[in-house]
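Each remark here refers to the structure printed beneath this line.
Read the numbers this way: they start at 1 and go in the same order the structure lists the ligands and their atoms. For the numbers below, each heavy atom of this structure counts, side chains included, while hydrogens, waters and symmetry mates do not.
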Amino acid sequence: MVSSAGKPVIGVIGGSGVYELDALADKRWQRVDSPFGAPSDELLFGSLDGVEMVFLPRHGRGHRIPPAEVNYRANIDALKRAGVTDIISVSACGSFEEELAPGTFVIVDQFIDRTIDRKKSFFGTGLVAHISMAHPVCPRLGDALEAAAQSLDIPVHRGGTYLAMEGPQFSSLAESRLYRSWDCQVIGMTNMPEAKLAREAEMCYATVAMVTDYDCWHPDHDAVEVATIIEVLMKNADNARSLVKTVVPELKQRDAACPGGCDHALDNALITAPDARDPDLMKKLDAVAGRVL
Ligand SMILES: CSC[C@H]1O[C@H](OP(=O)(O)O)[C@H](O)[C@@H]1O
Ligand SMILES: Nc1ncnc2[nH]cnc12
């Protein structure tokens, strides 16, 4: 089993507007099957500065899949099967704070999950697991992303809460105000259950939430529309590409296991007695939970 103390394999999940990773050398798209169904697309394998990389467009090439229909379990399972140790999630988001203007990259550190119609766990009847989500973002990945953004002079903000909404419709004004009153900093539709599943799969996970709009609460800005998001994303695409190119070499060598314990998340999580476990489910979990099964 791959350990995050050794050589990392960096996965990038590309959100809206990010459907390729041009910078990769020796690129090849390859199908990876998962017992949890079909991932959003083939995986793009390659390397960057000698580091093995795997890219997956979250909504598929051409943006075919809406946020609630993304098979998050298949995506995370496929990345795990591909050997990925660390996931950088690149996501568009709306901002709830004046200071987090469009173009800002927010390295969030918390999530509130308001999604309602998604499969949120690899585990279930026959093998029950309860992992900790107290600190859902990998501190080592977050540090590296923050430092890389600073070195590139990209406006970056460390920390903040990402409200994951169900969508696909954007929020009403009342909802937008409610989330602001909850002290959320940004909003999107995809990072949950993605972050939960990455943790269950013992992978380091961090989000670069790229602010594209002020949702609909700001008196001086129009309510968010897809056209605005794409316009801002196009302007930020170079920054996103540069960030990935800069951060990956920094993640190359590591002397220790994940300081946040992401790579041992299942150590104390399984509660089902060994003789009560479902062999079929255990088989499906060979990649996600193989280390502890
Ligand atoms: C294209 S507008 C809304 C869409 O954009 C964000 O997607 P992603 O997180 O994959 O960048 C947002 O969450 C919505 O899914
Ligand atoms: N305002 C917003 N709400 C939800 N998802 C988004 N993605 C980008 N902007 C968004």
Protein residue, atom and distance nearest to [atom], heavy-atom basis:
atom: atom 2 (S) of ligand 1; value: I229 CD1, 3.4 Å
atom: atom 3 (C) of ligand 1; value: F170 CE2, 4.1 Å
atom: atom 12 (C) of ligand 1; value: M189 N, 3.7 Å
atom: atom 7 (N) of ligand 2; value: A92 O, 3.6 Å
atom: atom 5 (N) of ligand 2; value: G188 CA, 3.5 Å
atom: atom 9 (N) of ligand 2; value: D213 OD2, 2.7 Å
atom: atom 4 (C) of ligand 1; value: S16 OG, 3.5 Å

Which atoms from ligand 1 have a heavy atom of [X] less than 4.0 Å away?
X: G188; answer: 13 (O)
X: S91; answer: 9 (O), 11 (O)
X: P67; answer: 15 (O)
X: G15; answer: 8 (P), 10 (O), 11 (O)
X: R58; answer: 8 (P), 9 (O), 10 (O), 11 (O)

Any nitrogen or oxygen of [X], side chain or backbone, less than 3.5 Å from one on ligand 1?
X: I230; value: no
X: T190; value: yes
X: H59; value: yes
X: A92; value: yes

| task | Mind running side-chain hydrogen bond (donor to acceptor under 3.5 Å, both in side chains) on S89 and R58 for me, showing each step along the way? | result | CA-CA 9 Å; S89 148; R58 180 183 283 127; 3.0 Å; yes
Could you tell me if the side chain of [Y] sits less than 4.5 Å from the side chain of [X], heavy atoms only?
X: I13; Y: L79; result: yes
X: Y214; Y: D220; result: no
X: L127; Y: L293; result: yes

Looking at Y162, W217, F170, the heavy atom closest to atom 3 (N) of ligand 2 belongs to F170
For N75 and P39 the tightest heavy-atom approach is OD1-CA, 3.2 Å
- [ ] Decide whether S91 and N191 meet the rule of one side-chain donor and one side-chain acceptor closer than 3.5 Å.
- [x] yes
*asked:* What I want to check is whether the side chains of T115 and K120 have a donor and an acceptor closer together than 3.5 Å.
replied: yes
Taking NZ, NE, NH1 and NH2 as the nitrogens, is one of them in D143 or R158 under 4.0 Å from a carboxylate oxygen of the other? yes
Please list, in number order, the atoms of ligand 2 under 4.0 Å from a heavy atom of [X].
X: D215; answer: 1 (N), 2 (C), 3 (N)
X: T212; answer: 8 (C), 9 (N)
X: I187; answer: 1 (N), 2 (C), 3 (N), 4 (C), 5 (N), 6 (C), 10 (C)
X: I229; answer: 8 (C), 9 (N)
X: V224; answer: 1 (N)
X: M165; answer: 4 (C)

Over 12 non-hydrogen atoms of neighbours within 6.0 angstrom of [atom1] in [X]:
X: E20; atom1: CD; result: yes
X: R28; atom1: CZ; result: yes
X: D222; atom1: CG; result: no
X: E52; atom1: CD; result: no

Quiz item: Is K119 positioned over the aromatic face of Y72, cation under 6.0 angstrom from the ring centre and no more than 45 degrees off axis?
Solution: no
Decide side-chain hydrogen bond (donor to acceptor under 3.5 Å, both in side chains) for D183 and Q185; before the verdict, give the C-alpha distance in whole Å, the side-chain angles of both, and the deciding distance to 0.1 Å.
CA-CA 6 Å; D183 197 26; Q185 276 65 49; 3.2 Å; yes
Flag, side chain of D215 to backbone of W217, donor-acceptor distance under 3.5 Å:
no
Do any N/O atoms on G94 end up under 3.5 angstrom from N/O atoms on ligand 2?
yes
Logged contact type for C93 with ligand 2, heavy-atom cut-off 4.0 Å, is backbone
